[in-house]
Amino acid sequence: MTQTLTIRRPDDWHLHLRDGEILKAVLPETARHFARAIVMPNLVPPVVTAADAAEYRDRILSAKPLNSDFRPLMTLYLTEETDVRDLRAAAEIGLITAVKLYPAGATTNSASGVRDFAKVRRVLETMAQIGLTLCVHGEVTDPEVDIFDREAVFIDRVLDPIRRDIPGLRVVMEHITTKNGADYVRDGGDDIAATITTHHLVINRNDILVGGIKPHYYCLPVAKREEHRLALRAAATSGDASFFLGTDSAPHLDPAKESACGCAGCFTATNTLSILAEVFEQENALDRLEAFASLNGPAFYGLPVNEATLTLEKGAPVAYPAKIDTADGPVTVFDPGFPLHWRVAG
Ligand SMILES: NC(=O)N[C@@H](CC(=O)O)C(=O)O
Ligand SMILES: [Zn+2]
Ligand SMILES: [Zn+2]
């Protein structure tokens with residue numbers, strides 16, 4: 001008998017959809033399986049005002065496949081100039097679901113991010129008052145700090161002080177890559193949660209570097225050593241409500257990745273659910289996939305879970321495209337390095 005797994009339809013709590021031709025090509029990959037996604041605001045220029053978010057939302061909705069009821073959950077990109085009234089109004093009408101903090105220079109398109117945290121204090125206080133979630137790219141940018149330590153140092157130097165300073169601020173530590181991150185979030189109470197990506201459950205830093213450099217495994221925060229990957233797998237499959245799926249699927253055109261100075265980002269929208277089912281099965285935790293992908297995220301954001309369901313079916317290895325074609329060029333799909341036996345049946 002075929003083994004199947006039916007879960008409530010999942011959501012992606014951290015997604016890059018980009019704009020223009022790439023948006024048109026990658027949106028169907030997410031909309032096929034996910035009901036909602038938190039859409040990252042790191043466009044060029046970034047989505048900083050309510051008006052920007054409304055326009056971007058409309059471009060996403062126009063690019064959506066006709067038969068899809070996918071719902072983008074919009075975010076604002078926090079800058080030192082963010083206007084508190086504009087942000088509050090955007091939250092009140094339900095236009096935005098979260099605000100994104102990028103330390104300036106930490107990652108792709110983060111130049112407009114925050115340098116001086118005192119300058120965003122009023123915004124963060126307002127967010128704490130109205131219960132609006134702050135999504136954080138948790139890496140320091142201090143050139144003295146080794147890239148593999150930047151997440152752990154961010155927790156001590158930036159995140160923990162902000163949370164002590166502004167009690168009640170709801171924070172999602174995005175795409176955690178370390179045991180330090182998982183421990184901090186697990187022990188951090190109800191106001192903090194973390195997203196975990198698909199690829200960080202699969203690769204460690206050896207996968208990027210051993211036997212030749214693999215640009216399609218390079219993302220930020222960069223994958224760490226094996227003990228950290230194992231800690232992430234334990235966190236994701238634990239069922240703990242503090243952890244949920246944010247794929248951080250981050251498409252870049254192949255020439256931008258396969259370059260002497262390649263961009264950070266793994267594109268996983270296409271095969272994420274097959275990979276996750278494989279990983280959860282490897283961890284004997286298939287019964288916890290629904291909590292990670294479909295239940296814990298809405299609970300943290302105070303949103304209803306999806307009524308629709310999604311069924312995965314186990315069988316012969318699943319075929320998926322190596323690349324997605326966009327009108328601007330190809331985007332390589334993340335290769336987990338092992339066969340995937342679970343396909344999305346409906
Ligand atoms: N994760 C990445 O490596 N890249 C993301 C930015 C981000 O989420 O930090 C991107 O926008 O390409
Ligand atoms: Zn990030
Ligand atoms: Zn991201």
Side-chain angles (χ1 to χ4, degrees), residues 11-20 22-23 26-27 29-30 34 37-47 56 72-78 97-114 133-141 147-148 150-151 154-155 158-159 171-178 181 194-203 205 207-208 213-224 232 244-259 261-269 272 297 324 326 328 331-334:
D11 303 303
D12 186 347
W13 300 95
H14 180 134
L15 176 67
H16 300 271
L17 287 175
R18 314 300 192 206
D19 216 337
I22 300 193
L23 166 64
V26 301
L27 179 56
E29 300 301 296
T30 288
F34 292 90
I38 291 253
V39 181
M40 289 295 135
N42 64 332
L43 304 182
V44 189
V47 177
Y56 186 31
L73 304 175
M74 306 309 293
T75 59
L76 290 188
Y77 184 121
L78 182 62
T97 304
V99 173
K100 182 66 190 270
L101 166 66
Y102 292 100
T107 187
T108 307
N109 305 336
S110 61
S112 320
V114 176
T133 296
L134 182 71
C135 297
V136 176
H137 179 106
E139 288 190 288
V140 292
T141 55
I147 190 167
F148 291 101
R150 288 180 174 195
E151 180 172 298
F154 181 87
I155 295 170
V158 183
L159 183 56
V171 175
V172 177
M173 203 179 163
E174 299 294 332
H175 47 41
I176 56 168
T177 58
T178 57
T195 54
I196 301 178
T197 75
T198 307
H199 49 282
H200 287 117
L201 296 173
V202 173
I203 59 167
R205 64 195 203 175
D207 294 301
I208 312 173
I213 191 160
K214 315 290 189 317
H216 295 291
Y217 289 162
Y218 174 62
C219 66
L220 287 170
V222 70
K224 309 295 192 294
L232 299 178
F244 43 87
L245 175 63
T247 66
D248 192 20
S249 181
H252 292 277
L253 297 173
D254 278 354
K257 296 277 305 167
E258 298 165 8
S259 151
C261 184
C263 293
C266 297
F267 177 67
T268 56
T272 272
I324 296 297
T326 84
D328 292 340
V331 171
T332 291
V333 175
F334 179 77

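Note that ligands are numbered from 1 as they come in the structure, with each ligand's atoms numbered from 1 the same way. None of these values were measured; they are calculated from a predicted model.
Closer than 4.0 angstrom to ligand 1 by heavy atom are His14, His16, Arg18, Asn42, Thr107, Thr108, His137, His175, Cys219, Leu220, Asp248, Ala250, His252, Ala264, Gly265, sorted by chain and number.
Judged by distance alone, with hydrogens and angles left aside, the side-chain atoms of Lys224 form a donor-acceptor pair with the main-chain N or O of Val222 at under 3.5 Å. Between the side chain of Asp328 and the backbone N or O of Ile22, no donor-acceptor pair lies under 3.5 Å.
Counting only protein N, O or S atoms closer than 2.8 Å to the Zn ion (ligand 2) gives 2.
Contact of the Phe334 side chain with the Thr332 side chain is not registered, since no non-hydrogen atoms from C-beta on lie closer than 4.5 Å. Contact of the His14 side chain with the Lys100 side chain is registered, since non-hydrogen atoms from C-beta on lie closer than 4.5 Å.
Cys263 and Tyr218 get closest at one heavy-atom pair: O-CD2, 3.6 Å. Pairing each heavy atom of Ser112 with each of Pro46, the nearest pair is OG-CG, 3.7 Å. The shortest non-hydrogen separation linking Gly181 to Ile155 is CA-CD1, 3.7 Å. Contact detail for Met40 and Trp13: the closest heavy-atom pair is CE-O, 4.5 Å.
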Exercise. Go through the steps to decide whether Leu245 and Thr198 satisfy the test side chain to side chain contact (heavy atoms under 4.5 Å, CB included), and finish with yes or no.
Key: CA-CA 8 Å; Leu245 175 63; Thr198 307; 3.9 Å; yes
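None of His16, His200, His137 except one satisfies the ring-ring contact (aromatic ring centres under 6.0 Å, His included) rule with His175; the exception is His137.
The minimum distance between the Zn ion (ligand 3) and any N, O or S atom of His16 involves atom NE2.
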